[in-house]
A.B. asks: 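Encoded as structure tokens, here's the structure I'll be asking about.
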Protein chains: 2
Amino acid sequence: MNRTAIEMELAASVLKLLGDKTRLTIIGLLKDGECCVCEFVDLLNMSQPSVSQHLRKLRDAGLVKERRNSQWIFYSLNKDHEAFSIIESVIQLIPDQKEKLHQLEISGRRIRCD
Amino acid sequence: MNRTAIEMELAASVLKLLGDKTRLTIIGLLKDGECCVCEFVDLLNMSQPSVSQHLRKLRDAGLVKERRNSQWIFYSLNKDHEAFSIIESVIQLIPDQKEKLHQLEISGRRIRCD
DNA sequence: TGCATATATAAGCACATGCTTATATACTAA
DNA sequence: TTAGTATATAAGCATGTGCTTATATATGCA
């Protein structure tokens, strides 16, 4: 028995959340920092309600944290999640989203607050 | 850009398949070898059609291979799958199923053919 | 050949999922 | 206070999912 194993039920529920292209991309975008909803809407080319609903699922599962700053709400990975090791592993195996964030930055649509 | 990254769409589809407790357990049971359908039915305590349907999804995705030997069909992981690295990573993070297979063995219900 | 075992498949159904549109809430700035 | 921007939520709907029951197919054995 793997001493530090993530219980089957929990692992399955996390993998299920990752098993959607939109949410998986969101996780990828959060690899190196925070993003706010409007950035996701921009980068994913999806409606705002749809993005919000995906973020809600991730937040309900505790996989992401949110932080309000002025009118924006910034999302980030919750590294304290019991199953964060799954996120960590998967994030290494999918295409890096750094370039997309960079494009956002140089087009002046990147939101930065701290 | 990660040179060996698994495309987002493919990764999501594999993770979606892993995002079901039954299928995730099947993958865990295949970690160290093959199993036939009746063993899964026994170990998972599920109906045979239900198990077969899960195996079909895994097979359709190319994640498992099948081999017929006499009246049994043995399933095993397809290590050549493009996204096998995801399986490999996840399998290390979930509870090991070795003990369950051992129990099957000592109760004389383990099927062995080669 | 005929029956038992192992497996696959089909049909039906309840429920989950992910989108859309519409609307509510929260904050900022004029 | 009013308008604008950012976000969340609700309702509705089409489609997907995973089970069940019933049946088909394949193999082995008497």
Side-chain angles (χ1 to χ4, degrees), chain A residues 8-9 12-27 29-30 34-61 63-76 104 108-114, chain B residues 8-9 12-27 29-30 34-61 63-76 104 108-114:
Chain A
M8 211 55 105
E9 200 117 14
S13 69
V14 169
L15 290 165
K16 185 177 206 169
L17 285 168
L18 298 181
D20 172 277
K21 194 188 175 185
T22 300
R23 287 191 297 264
L24 188 57
T25 307
I26 287 175
I27 295 293
L29 287 165
L30 295 179
E34 350 176 87
C35 284
C36 69
V37 183
C38 59
E39 290 174 318
F40 290 129
V41 170
D42 193 328
L43 290 163
L44 299 168
N45 206 33
M46 289 189 69
S47 74
Q48 176 268 315
S50 193
V51 168
S52 275
Q53 282 156 14
H54 283 298
L55 286 169
R56 184 143 125 83
K57 289 192 180 191
L58 292 172
R59 194 199 51 192
D60 284 352
L63 293 176
V64 300
K65 294 181 295 186
E66 61 179 29
R67 168 180 81 87
R68 178 181 278 275
N69 189 315
S70 174
Q71 73 259 53
W72 297 285
I73 296 179
F74 289 88
Y75 284 87
S76 58
L104 201 69
R109 283 168 301 147
R110 181 77 162 127
I111 315 255
R112 281 251 161 263
C113 282
D114 32 21
Chain B
M8 211 54 104
E9 200 116 14
S13 69
V14 168
L15 291 165
K16 186 177 207 169
L17 285 167
L18 298 181
D20 172 277
K21 194 187 174 186
T22 301
R23 286 191 297 265
L24 188 57
T25 307
I26 286 175
I27 295 295
L29 287 165
L30 294 178
E34 350 177 87
C35 284
C36 69
V37 183
C38 58
E39 290 175 318
F40 289 129
V41 170
D42 192 328
L43 290 164
L44 299 168
N45 206 32
M46 289 190 69
S47 76
Q48 175 268 314
S50 192
V51 168
S52 275
Q53 283 156 14
H54 283 297
L55 287 168
R56 185 145 126 82
K57 290 194 178 187
L58 293 173
R59 195 200 52 193
D60 284 352
L63 293 176
V64 301
K65 295 181 295 186
E66 60 179 29
R67 168 179 81 88
R68 178 180 277 277
N69 189 312
S70 176
Q71 73 260 51
W72 297 285
I73 297 180
F74 289 89
Y75 284 86
S76 58
L104 201 69
R109 284 167 301 149
R110 181 78 163 128
I111 315 258
R112 279 252 160 263
C113 281
D114 31 21

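A, B, ... follow the sequence lines: proteins, then strands. Residue 1 opens every chain. Quantities reported herein were computed from a predicted structural model and do not represent experimental measurements.
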A.B. asks: For a 4.5 angstrom cut-off between non-hydrogen side-chain atoms, does A:Cys35 reach A:Arg110?
C.D. replies: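 Yes - at least one pair of side-chain heavy atoms lies under 4.5 Å apart.
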A.B. asks: Listed by chain and number, what are the side chain to side chain donor-acceptor pair (under 3.5 Å) partners of B:Ser13, not counting sequence neighbours?
C.D. replies: none
A.B. asks: Of all heavy-atom pairs between A:Ala12 and B:Leu24, which one has the smallest distance, and what is that distance?
C.D. replies: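 A:Ala12 and B:Leu24 have their closest heavy atoms at N-CD2, 3.6 Å.
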A.B. asks: In whole Å, I'd like the distance from the CG atom of B:Leu17 to the C1' atom of D:dG18.
C.D. replies: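 Going from B:Leu17 (CG) to D:dG18 (C1'), I get 13 Å.
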A.B. asks: What is the separation between atom CZ on B:Arg56 and atom P on D:dG18, rounded to the nearest whole Å?
C.D. replies: 14 Å
A.B. asks: Would you indicate what B:Phe40 reaches in the nucleic acid, counting non-hydrogen atoms under 4.0 angstrom: base, sugar-phosphate, or nothing?
C.D. replies: nothing
A.B. asks: Checking all strands, does A:Phe74 fall into the base, sugar-phosphate, or nothing category for heavy-atom contacts under 4.0 angstrom?
C.D. replies: nothing
A.B. asks: Return no unless some side-chain N or O of A:Tyr75 is found under 4.0 Å from OP1 or OP2 of D:dA6.
C.D. replies: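 So the side-chain polar atoms of A:Tyr75 never come under 4.0 Å of the phosphate oxygens OP1 or OP2 of D:dA6.
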A.B. asks: Roughly how many Å is it from CG in A:Asp42 to P in D:dA6, rounded to a whole number?
C.D. replies: 11 Å
A.B. asks: Return the value, rounded to whole Å, for the distance between atom CG of A:Leu58 and atom P of D:dA8.
C.D. replies: 12 Å
A.B. asks: Within the sub-3.5 Å range, which N or O atoms of nucleotides 20-30 of chain D have a protein N or O partner, and how far apart are they?
C.D. replies:
residue	atom	partner	partner atom	Å
D:dT20	OP2	B:Ser47	OG	3.0
D:dT20	O4	B:Gln53	OE1	3.4
D:dT20	O4	B:Gln53	NE2	3.1

A.B. asks: Do any side-chain nitrogens or oxygens of B:His54 fall under 4.0 Å of OP1 or OP2 in D:dC19?
C.D. replies: yes
A.B. asks: Considering every strand and a 4.0 Å limit on heavy-atom distances, what is the contact class for B:Lys21: base, sugar-phosphate, or nothing?
C.D. replies: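 Nothing, no heavy atom under 4.0 Å.
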A.B. asks: Just to verify, what does A:Gln71 make a side chain to side chain donor-acceptor pair (under 3.5 Å) with, not counting sequence neighbours?
C.D. replies: none
A.B. asks: As a quick check of understanding, evaluate side chain to side chain contact (heavy atoms under 4.5 Å, CB included) for B:Gln53 and B:Arg56, giving each step before the final call.
C.D. replies: CA-CA 5 Å; B:Gln53 283 156 14; B:Arg56 185 145 126 82; 5.5 Å; no
A.B. asks: Rounded to whole angstrom units, what separation is found between the CZ atom of B:Arg67 and the P atom of C:dA6?
C.D. replies: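 Rounded to the whole Å, the gap is 16 Å.
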A.B. asks: I need the CZ-C1' distance between B:Arg23 and D:dC19, as an integer number of Å.
C.D. replies: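 In whole Å, D:dC19 C1' lies 12 Å from B:Arg23 CZ.
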A.B. asks: Measure CG/B:Leu55 against P/D:dC19 and give the value in whole Å, please.
C.D. replies: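 B:Leu55 atom CG is separated from D:dC19 atom P by 12 Å.
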A.B. asks: Using heavy atoms to find the nearest nucleotide of DNA chain D for A:Lys16 and A:Ser52 separately, return the residue whose nucleotide is more 5′.
C.D. replies: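 Upstream on the strand: A:Ser52.
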A.B. asks: What contact category does B:Lys57 fall into here, base, sugar-phosphate, or nothing, at under 4.0 angstrom with non-hydrogen atoms?
C.D. replies: sugar-phosphate
A.B. asks: Is the closest side-chain heavy-atom distance between A:Ile27 and A:Leu17 below 4.5 Å?
C.D. replies: no
A.B. asks: Does any non-hydrogen side-chain atom of B:Leu30 lie less than 4.5 Å from one of B:Phe74?
C.D. replies: no
A.B. asks: Return the value, rounded to whole Å, for the distance between atom CG of B:Asp60 and atom P of D:dG18.
C.D. replies: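 In whole Å, D:dG18 P and B:Asp60 CG are 13 Å from each other.
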